Structure formats: C-alpha cells, structure tokens
Amino acid sequence: MLDFENNDVKNECRMKKIKIQLGRVQETLLLPLVSRAKETQYKKPLLNDTKAVELFEQLDVDRKKLLRNITEIGVHGLAYRAYKMDEAIKVFLQQHPNGKILDIGAGLDTTYYRCDNGKALWYDLDLPDSIALRKQLLPEPNNRVCYIAKSMLDYSWIDDIGDISNGLFITVPGVLPYFKEADVKAFLTTIAHRLKGAEIMFDVISNFGKFFVDMRIKSAGMKEAHLEWAILNPKTVTDWSEHIELVRAVKFFEGIPKSNQRLSTKIAMNFNKLFDMTQMFHLRFV
Ligand SMILES: C[S@@+](CC[C@H](N)C(=O)[O-])C[C@H]1O[C@@H](n2cnc3c(N)ncnc32)[C@H](O)[C@@H]1O
C-alpha cells in the first residue's frame, strides 16, 4: 500500500500546503493528479511522474478520502491515459522537434516535465481558477511554456497559439466527456476548420463506461461533476466534418503489461477492453 504521509518527497517539499478553491468541474483535476502520483509509487510503475507526487504533497486536500475512493483500476486508467498521450507526443516531437504542444484543460497536468525535448513550445490552457492554481504550484518554468487562462470555447486562444507551420499537437485529457455532445461537436468542427495540419488526441467514454466512472467521481466527493458525452465509434466524430480524419482509436488498456495489477484489476481491464469502455481518439485536421 502506498503511504503518501511517509514519502521522502514530503521532506523535500515542507512548504505551506495550498488550499484548493475550484469550480465543480475544475476540481476533477485532482483525480488524474493523484492517480499519476500513486502509479509512480507502485512497484513497477508504467508512468514515472515524480512531479505529480511533489505537487500532490503540496495540496491541502482530504488525501485519505481521495485515496480511499480511487480504485486500482481508476489509478491505472488515468495513469495509462497519460502514458498513451506521452507516447503520441514523443512521436510527434521526433517528427516536429520545433513544434507546439497545446494541453487543453491542463489542470495540474505534468506532461511537459515528462516529454519536453528542449525545443518545442508548450501551451497549457484552462479556466482562470485552474490556471491560477497551476501558476501558484507550477509556475511557467521557462519562456517556452505559456499558460492561457481561457475557456476552450473562447476561440481567441487560436490567435494566442499563433503560427503552427512547425506542427501543433493538441492533447485534451479528461475534459471532453464533461461536455454535452453539441458543445464537443461545435468545438471540434470549429478548430478543425481553423487549425488544418494539427493533430489532436483526447479520451472518450462509452455509455456503459460512463456509468462506472461517474460513480467513481461521485465517491471521490465530487458530487456536482457529471459526465455528459459518451461515444463508442470514432466515425461519429469524423462524420462531423470533412476536415477531421482519424489517425487511430486506441483502447486505454490495450498493450498494457499485466505484471503489477491485482487479479480483480486485470479482470476489470479485460472487461473495459471487451466493451470499449474507455478509448483515446487521435485525429488529424485536414
Ligand atoms: C479531469 S480534469 C483534467 C485535468 C488534466 N487534463 C489532467 O489530465 O491532469 C478537467 C479539467 O478541465 C478543465 N476545464 C473544464 N472546463 C473547461 C473549459 N471550458 N475550458 C478549458 N478547460 C476546462 C478543468 O478546469 C480541469 O482542469
């Protein structure tokens, strides 16, 4: 069992803990953060995110309650989501070393710390209160990293990103399922039309998966955050616009080594795969 209370990191960051005051959707940023931190401290972690461990230590949250309500499958799911995004970003950066990475709904995401190549430009976009927390805990580390405090539905961020001739990869982890389908459709069709050549990757959930994940979010104390958009087939999205092309759809638990999980987790992972409960869609705008 993990014990965040006895972690070495705690000694390194003996600073005043930071209180969280976020809106009902914004506070969900704690779930991927704690999952990446917890995965990092498993015996054979797939994802190594020491920055997430450090950040989680700095937050003044009811950590016992949060940790108690996050199941092993939930931890692995969110950590593997980050792992799969990282894989795609690293491939993109090999092909576009001077490209741009935009993280929409960045929360306390630590992708930059896991994937930076020393050349790319990084943009983290989130609502103003989430960016304020991010700035407090994780100030922009250098002038290649820029935070944008806006809603993703305020398309003026496209101007903030500027020239994308060296390539743009957009990641949207853990965000779109909170929106209604009409909003997701308007968002994707608008940016596909305006950001031709860019790639985007986001996670999706089926109706069946939504039932389980919603329960988990509620039991972690986030009673007001509801999942809305559920989808199974990427064709639904590519049919929305001639400017959207599918690169690939990948299941969360596909190709994940099975060595470090409990039997119940392995069964849950197979169940998840069998019913396509959670997937990642990787698209290109053409
Ligand atoms: C589940 S958290 C995911 C955080 C982060 N992507 C990660 O994986 O660690 C959802 C994030 O979406 C952000 N969000 C919600 N509505 C948004 C909007 N309209 N525009 C931009 N970000 C939004 C929240 O503030 C929150 O940080």
Side-chain angles (χ1 to χ4, degrees), residues 20-40 47 49 51-56 59 61 66 70 74-86 88-89 101-115 122-138 147-158 160-161 169-180 182-188 190-191 200-205 209-210 213-214 216-218 220-222 224-229 252 278 280:
I20 299 248
Q21 279 173 325
L22 294 168
R24 62 183 179 85
V25 175
Q26 292 90 311
E27 69 175 355
T28 57
L29 61 81
L30 287 174
L31 296 175
L33 176 71
V34 70
S35 299
R36 294 195 312 273
K38 200 165 172 179
E39 173 76 26
T40 300
L47 188 83
D49 195 339
K51 198 75 186 167
V53 178
E54 200 182 296
L55 284 179
F56 187 60
L59 293 176
V61 289
L66 254 180
I70 296 180
V75 168
H76 286 317
L78 294 178
Y80 297 169
R81 179 178 79 190
Y83 174 81
K84 293 220 150 124
M85 289 276 186
D86 287 5
I89 289 172
I101 311 286
L102 166 65
D103 188 339
I104 291 188
L108 291 175
D109 206 355
T110 39
T111 311
Y112 163 84
Y113 297 89
R114 300 189 305 268
C115 299
W122 294 78
Y123 298 85
D124 293 298
L125 178 144
D126 208 314
L127 296 171
D129 55 350
S130 296
I131 287 291
L133 177 69
R134 188 176 175 89
K135 279 197 165 150
Q136 199 178 356
L137 282 163
L138 206 60
Y147 294 170
I148 304 174
K150 282 181 185 170
S151 167
M152 65 184 211
L153 303 176
D154 166 358
Y155 299 108
S156 64
W157 61 257
I158 295 179
D160 300 333
I161 302 296
F169 193 99
I170 307 172
T171 66
V172 203
V175 180
L176 297 186
Y178 289 98
F179 287 81
K180 294 200 185 303
D183 292 329
V184 176
K185 183 175 177 183
F187 170 72
L188 287 176
T190 303
I191 67 169
I200 186 167
M201 196 166 182
F202 52 86
D203 52 304
V204 296
I205 192 156
K210 191 170 123 175
V213 175
D214 233 354
R216 193 163 63 77
I217 295 172
K218 301 281 182 300
M222 296 162 193
E224 302 289 318
H226 301 291
L227 292 180
E228 299 278 356
W229 182 45
F252 264 36
T278 49
M280 320 271 296

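Whatever order the structure lists them in is the order used to number ligands and atoms, beginning at 1. Quick caveat, the model's predicted, so the values are computed rather than measured.
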message = Which of the numbered atoms in ligand 1 are under 4.0 angstrom from any heavy atom belonging to L29?
response = 2 (S), 27 (O)
query = Could an N or O of ligand 1 be found under 3.5 Å from any N or O of R36, whether backbone or side chain?
reply = yes
key: Best match, L127, L153, L125: closest heavy atom to atom 16 (N) of ligand 1   = L127
ask   = Looking at ligand 1, does any of its N/O atoms fall within less than 3.5 Å of an N/O of D126?
value = yes
ask   = Which ligand 1 atoms does S130 reach within 4.0 Å, using its non-hydrogen atoms?
value = 25 (O), 27 (O)
remark   = Honestly, for F187 the part within reach of ligand 1 (heavy atoms, under 4.0 Å) is neither
ask   = Atoms of ligand 1 less than 4.0 Å from P32 heavy atoms?
value = 3 (C), 7 (C), 8 (O), 9 (O)
message = Show me which atoms of ligand 1 lie under 4.0 Å from any heavy atom of G174.
response = 1 (C), 2 (S), 3 (C), 10 (C)
inquiry  = For ligand 1, which is the ligand I care about here, please tell me if S151 has any N or O atom under 3.5 Å from one of the ligand's N or O atoms.
reply    = yes
request  = Ignoring angles and geometry beyond distance, decide whether M152 reaches within less than 3.5 Å of ligand 1 through its nitrogen or oxygen atoms.
outcome  = yes
inquiry  = Would you say that more than 12 heavy atoms from the other residues, nucleotides or ligands in this model lie under 6.0 Å from the NZ of K150, or not?
reply    = yes
note = Quick note on ligand 1: atoms under 4.0 Å from a heavy atom of T28 include exactly 1 (C), 2 (S), 10 (C)
inquiry  = Under 4.0 Å, counting heavy atoms only: does V175 come that close to any atom of ligand 1?
reply    = yes
note = Output for pair (L55 CG, L137 CG), nearest 0.5 Å, gives 6.0 Å
message = Quick test of your reading of the model: are R134 and D124 salt-bridged, counting only N-O distances below 4.0 Å?
response = yes
query = Does the N or O separation between L33 and ligand 1 drop below 3.5 Å for any pair?
reply = no
request  = With sequence neighbours left out, write down each residue that passes side-chain hydrogen bond (donor to acceptor under 3.5 Å, both in side chains) with W122, or none if nothing qualifies.
outcome  = D116
request  = Determine whether R36 and D109 make a side-chain contact, defined as any pair of heavy atoms from C-beta on separated by less than 4.5 Å.
outcome  = yes
Electrostatic pair E54:K51 at N-O distance under 4.0 angstrom = yes
request  = Take the angle between the ring planes of Y80 and H76 and call it parallel below 30°, perpendicular above 60°, tilted in between.
outcome  = parallel
task = Could you list which atoms of ligand 1 come closer than 4.0 Å to a heavy atom of G107?
result = 27 (O)
query = Of all the atoms in ligand 1, which lie at a distance below 4.0 Å from a heavy atom belonging to A106?
reply = 4 (C), 5 (C), 6 (N)
query = Between I104 and ligand 1, does any nitrogen or oxygen pair lie at a separation below 3.5 Å?
reply = no
key: Shortest non-hydrogen separation from C115 to I89 and the atoms involved   = CB-CG2, 4.1 Å
key: Between OG1 on residue T171 and CG on residue L102, distance to nearest 0.5 Å   = 7.0 Å
ask   = Which ligand 1 atoms does R81 reach within 4.0 Å, using its non-hydrogen atoms?
value = 8 (O)
message = Checking side chain to side chain contact (heavy atoms under 4.5 Å, CB included) between V53 and each of L33, T110, T40, V34, which is the one that passes?
response = T40
remark   = Here the gap from W229 atom CH2 to F202 atom CZ, rounded to the nearest 0.5 Å, amounts to 4.5 Å
